[in-house]
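Proteins get letters first, then strands, A, B, ... in listed order; numbering begins at 1 in each.
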Protein chains: 2
Amino acid sequence: MKEIQSVKNPLIKETKKLNQKKYREQKGAYLLEGFHLIEEAVESGQHLMEVFVSERGMKQWSEWLQEQFADYYVVSEEVLKSLASQPTPQGIVAVVAQPEEKMPAFKGGWLLLDNVQDPGNVGTMIRTADAAGFSCVVLGEGTADLYNPKTLRSTQGSHYHLPVLRADLKDLVPKLQEKMPVYGTALDRQALDYRQVQAQTDVGVIMGNEGQGLNKELQELSSKNLYIPIKGQAESLNVAIAAGILLFRLLK
Amino acid sequence: MKEIQSVKNPLIKETKKLNQKKYREQKGAYLLEGFHLIEEAVESGQHLMEVFVSERGMKQWSEWLQEQFADYYVVSEEVLKSLASQPTPQGIVAVVAQPEEKMPAFKGGWLLLDNVQDPGNVGTMIRTADAAGFSCVVLGEGTADLYNPKTLRSTQGSHYHLPVLRADLKDLVPKLQEKMPVYGTALDRQALDYRQVQAQTDVGVIMGNEGQGLNKELQELSSKNLYIPIKGQAESLNVAIAAGILLFRLLK
């Protein structure tokens, strides 16, 4: 246990850089905030490289911290605030190593995200895929970073329950299709009503961009494109809501 | 058309106060940001009390503005920014009168929100209720304000497509039940699997707080409590995702 009082401490200055994607990729690490997520990271066997806890946090978690970690830093509220993305951080921040990405076997449910830009939507869809019993989530080009603090917060820890990978979906979809149908999504009624599709044990679903929907090339690659009939005057559903409806319908 | 260059202008100072709920209620008005939402407000016959547009906004919308409004203000970027909740506002902000709340007939789909605290969740659920063909959304105690800028942004204009009211759910539920079943939601498996319930032409659904779920008293009042089976290791679904799955299932 060491103490850090100043935001100018070199370790703090280095660590803060992990709020930027560029540095996260350079270092192969990311920042994780809040006790619940950090506990999930420990339980799922992640490698926690550093742990920073405020004095207030110490009062709540010192016993747990001593059990879990050979070493950690007790920092001032100001230092903790400088590391965290939220205005009122929960009192604990960790630096976690990005795990190696391993492509699992092509079976079960696969959720593929193409150019989904909002980190909250990406995190919520990872959480939903977990709850629906999916096997894997793949983040395609243009999709928000898993290690963005907002994405992590929205996952509620589900990214520790199933693999979340990055891949080029145009390469992946044809390979996946050798083992399962991969459904695209479309806003127009020329596509297939999702209620016409039976639940399956192996199934892929591609969700697209919030504004533009799924890109044409992936729509053409997909086994079929599904739509959710809109009954009111809304133009569309939020992409994470649409994913929730489809994931809970399509996987047996 | 008048010009305002200074954030110290008394009208601007007054208008800015509408970012606080207390003042919105006092004045019976709210701020609406962005062209898309303002266009929807005009088309649905809302009363726009003031319109503020930046010089950049004028380049895009001056023709439309002249057609729609007898008068409006052209303001500096700085003034516009001071009114808007987003760091990069879209160039147009309006003051809109809160419409009178009228309880519609008890038929069709009714979505009731109890103590849902996140404005993004509330707005997304209003948008989803619209898309699912629901007739009414009721915001119960503790639920985020419809006129919070984040709620409005998430509705994508759906609150102009169906009535959104405030009411005490403990009073409303028994009255609504004279005409339709009103389902609560629960996280435990003692509740009824939602897939056991058939779609109906008149149906009520109550969604509860993000952390605690639906409060006990409303669970006891409800016709039945439904749960969505969670298959993976996720502890729960985001409340708006759960609502999406239920609303698209339960209304015929």
Side-chain angles (χ1 to χ4, degrees), chain A residues 36 40 43-44 108-109 111 118 120-121 123-137 150 153-163 187 193-195 199 201 210-211 227-249 251-252, chain B residues 36 40 43-44 108-109 111 118 120-121 123-137 150 153-163 187 193-195 199 201 210-211 227-249 251-252:
Chain A
H36 174 71
E40 285 256 12
E43 280 173 13
S44 74
L111 172 62
D118 181 74
N121 283 338
T124 301
M125 286 195 272
I126 293 170
R127 179 179 172 193
T128 306
D130 179 18
F134 270 56
S135 301
C136 187
V137 178
K150 282 188 199 157
R153 202 153 60 237
S154 307
T155 64
Q156 299 257 323
S158 281
H159 61 296
Y160 298 132
H161 305 156
L162 81 174
L187 291 175
D193 185 332
Y194 79 105
R195 295 167 300 182
T201 50
E210 287 91 346
Y227 85 97
I228 300 172
I230 304 283
K231 292 175 207 158
Q233 297 173 63
E235 283 168 26
S236 63
L237 284 166
N238 166 286
V239 62
I241 301 291
I245 294 168
L246 294 177
L247 300 192
F248 272 82
R249 168 79 191 194
L251 185 69
K252 195 182 273 175
Chain B
H36 174 70
E40 285 257 11
E43 280 172 14
S44 74
L111 172 62
D118 181 75
N121 283 338
T124 301
M125 286 194 273
I126 292 169
R127 179 179 172 192
T128 306
D130 179 18
F134 270 55
S135 301
C136 187
V137 178
K150 282 188 201 161
R153 201 153 60 237
S154 307
T155 64
Q156 298 258 322
S158 281
H159 61 297
Y160 297 131
H161 305 158
L162 81 175
L187 290 175
D193 185 331
Y194 79 104
R195 295 168 299 184
T201 50
E210 287 91 345
Y227 85 96
I228 300 173
I230 303 282
K231 293 175 206 157
Q233 297 174 64
E235 282 170 25
S236 63
L237 283 165
N238 165 286
V239 63
I241 300 291
I245 294 168
L246 294 178
L247 301 191
F248 272 83
R249 168 79 192 193
L251 185 69
K252 194 184 274 177

**Pairing residues for A:E235 by the side chain to side chain contact (heavy atoms under 4.5 Å, CB included) criterion, not counting sequence neighbours** =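 Partners of A:E235 under the side chain to side chain contact (heavy atoms under 4.5 Å, CB included) test: B:H36, B:E40.
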**Asked** Looking at residues at least two apart in the chain, or sitting in another chain, which of them share a side-chain hydrogen bond (donor to acceptor under 3.5 Å, both in side chains) with A:Y160?
**Response**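 A:Y160: side-chain hydrogen bond (donor to acceptor under 3.5 Å, both in side chains) contacts with A:Y30.
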From [X] [atom1] over to [Y] [atom2], what is the distance, rounded to the nearest 0.5 angstrom?
{"X": "A:F248", "Y": "B:I230", "atom1": "CZ", "atom2": "CD1", "result": "5.0 Å"}
{"X": "A:I245", "Y": "B:R249", "atom1": "CD1", "atom2": "CZ", "result": "12.5 Å"}
{"X": "A:N238", "Y": "B:T155", "atom1": "CG", "atom2": "OG1", "result": "12.0 Å"}

Checking [X] against chain A: side chain, backbone, both or neither under 4.5 Å from a heavy atom?
{"X": "B:Q156", "value": "neither"}
{"X": "B:T128", "value": "both"}
{"X": "B:A132", "value": "backbone"}

**Item:** A:A234 backbone acceptor or donor facing B:D130 side chain under 3.5 Å
**Value:**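 Yes; at least one donor-acceptor contact below 3.5 Å.
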**Prompt:** With no hydrogens and no angle check, is any side-chain donor or acceptor of B:R127 less than 3.5 Å from a backbone partner on A:L237?
**Reply:**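 Flag set: sc B:R127 to bb A:L237 pair under 3.5 Å.
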**Asked** What residue, out of B:G120, B:A131, B:G232, B:A242, has the most heavy-atom pairs lying under 4.5 Å from chain A?
**Response**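 Greatest number of close heavy-atom pairs with chain A: B:A131.
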**Message:** Looking at chain A, which one of B:Q233, B:R195, B:K231 has the largest number of heavy-atom pairs inside 4.5 Å, strictly under?
**Reply:**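 Of B:Q233, B:R195, B:K231, B:Q233 has the most heavy-atom pairs under 4.5 Å with chain A.
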**Item:** Pick from A:A243, A:S236, A:S154 with the largest number of heavy-atom pairs that fall under 4.5 Å of chain B
**Value:**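 Option with the top pair count is A:S236.
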**Message:** Using heavy-atom distances under 4.5 Å, tell me whether A:L246 contacts chain B through its side chain, its backbone, both, or neither.
**Reply:**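 Neither part.
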